[in-house]
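Below is one structure; the comments refer to it alone.
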Amino acid sequence: MNFSELLSLFGFVLTSTSSRTSVDRHEMSSPFWEDDERVTDRCGFDQPPPEILEQIRRQPWRGGLEPVPPEGITLHEAKVVKGRIPRDLKGMLCRNGPGRIRIGPSQYGHWFDGDGLVQQLVIDGENQIATFQAKYVETTRFKAQQEMMKRSLNWSGQKLNRKIPFCKPGAWTKRGMGKWIDNIFAIPTNPSNTNVLFLPPRDGDIRRKVRLYALAEGGDPVEMDSESLETLGAIKIHSLDGKEQSVSFFSAHYTKDPITEDIYNHGLSLFPPALNVMKLDKNGWLVKQALTRLSTISFVHDSVVSEHFLLALLPPYSVGAFGLITSLIGGDPLGKQFKWNAQEENETRALVFSKETCQCVAEIPVPLLSSYHLVDAFEQQNDDNESLLTFRVLEHEPSKRVELEKSFADLYRAENIPLCTMVEYTMDLNERKVKARKVVAPDALPCELPDVNSSSEYRKRYCYTNCRQTHSSFSDSIQRIDMETGECSHVVSFGNGVYASAPTFIPKAKAGLREDDGYLILNAYDSLQHLSKIYILDASTMKELTELQLNCHVPYQFHGAWLHS
């Protein structure tokens, strides 16, 4: 099977190759960002403004934040330069993350406000071939921004050296040049930049094409063609008969039940503030939803399911009435109105929802914690016949939450971004209180962006994290944590100046195997060449199996999903 035949497995036709070429041997003699000629040649019209270039030269990992051109990354072969692709690895990995957090010298107000860029890696281990492409999610705001650029700038060739107004507001970004009068009643728009969801083909689709959706915290899913990555448009989650629609946003952090294959998610409703919990069947049809009123607009990023419950954490990080009014009359955007209320009397609350009814059945105070990502949740009955619910979470030091958000607001100038420790909490559901708390792996490196084998049972044993070594200023490696024993694997890093992104766990196609019987796939940014690589590891041994070379760089990504061929 040749390269074109591989693409046909997923319906692709290779019409052109990327205009960017792979690195020449002579380019490796000096670091990319120290060579003005190479920076100008490779980055073209959108090379970093002087002040940002200075920051990249100080901390070269920041080069991995640099924008991808509006047309995305053209379909090309990801060349095997080391090892071999596992023969049984065959399918497609899509991941999502901000493709640009600046336009010329104008920066979005937060990393999470950058325009979504969905990447697609197609792998055929049997024939040792892989292809890669990436395209922006062409949301309403992305298309409006591009149209404005065409009208006001020579986007095709003129260097962007003056401030660029933002056409639409983001959750952390003001519209226009930031004037208050331009931001009266400015409702934040959806960047579609955090995760992806695969769903089965629609009934009646003779091509049996899998559906692909780009997800973010504050908006509806945006459908993309799973083959070409063409944006098809935002959709509203609804029931099979079309009579009921979701009454909230659809969060990026859905969970697929490993037993029933039902899909659970939550979403924020702003007016009035409420958290909506949704149950979808495996085909993506809305089965049940229920709203739980909140006293303020609150931050709920992630949720996980156990045997009978969905669990979410509600930290004291919220927007009050004054903050909401301020944002609506042109003050700081809504995202910057969130306040971390870390007084001693404030606690984080664990919200426990019934998977059957989607209604909140328990609200349990938890010691103050700051977190973005949960790992898993499971239920037990102890010797005293107490009903226990245990969850594992990646926890920031609460006192550093303000510092963390400040770092994400301007990553080009951030230093030593606070990372997490994995902590386990066990709660008594009858007494509504925390029974035990422990650090899962005391020797693990500070980490974020966890992944597990989502197809295994509710209680997971292994977690794979994106971590930072002591000599590094940004996440640069990965590690496996055995959550049963607390032991950690060796740290896997990829060389000087190379910064690893979050790993995605890929279970082997055969059924009935061990939880860790699979592969890890991750991107890594090589700051010395301003190029990205893709690595494949054995998830059980953490041994590197394959290195694939791309002909461009890919900005740091958040989350993704795998589809077996």
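When each of F299, Y317, W340 is checked for a side chain to side chain contact (heavy atoms under 4.5 Å, CB included) with S370, only W340 meets the rule. Among F378, Y425, F309, the single residue meeting the ring pair (Phe, Tyr, Trp, His ring centres under 6.0 Å) criterion with F391 is Y425.
Within a 6.0 Å sphere centred on CZ of R437, heavy atoms belonging to other residues, nucleotides or ligands number more than 12. Counting non-hydrogen atoms of other residues, nucleotides and ligands closer than 6.0 Å to CD of Q380 gives a total above 12. Annotation for K355: atom NZ counts as buried by contact number, over 12 foreign heavy atoms lying within 6.0 Å. The 12-atom threshold is exceeded at NE2 of H559, counting heavy atoms of other residues, nucleotides or ligands nearer than 6.0 Å.
Under a 4.0 Å N-O distance rule, the pair E54/R58 does not qualify as a salt bridge. A salt bridge is defined here as a Lys NZ or Arg NE, NH1 or NH2 lying under 4.0 Å from an Asp or Glu carboxylate O, and E66 with R102 meets this definition.
Judged by a 6.0 Å distance limit and a 45° cone about the ring axis, R514 is not positioned over the six-membered ring of Y462. A cation-pi arrangement is not found for R57 relative to Y412, the charged atom failing to lie both closer than 6.0 Å to the ring centre and inside a 45° cone about the ring normal.
Between Y535 atom OH and I478 atom CD1 the span is 11.0 Å, to the nearest 0.5 Å.
Under the 30°/60° scheme for interplanar angles, the aromatic rings of Y556 and W61 are found to be tilted. Using a 30° and 60° split on the angle between ring planes, F112 and F408 fall in the tilted class, from 30° to 60°.
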Margin query: With ring pair (Phe, Tyr, Trp, His ring centres under 6.0 Å) as the criterion, how do H266 and Y254 come out once you've worked through the C-alpha distance, each side chain's angles and the decisive distance to 0.1 Å?
Written below: CA-CA 7 Å; H266 64 278; Y254 62 91; over 10 Å; no

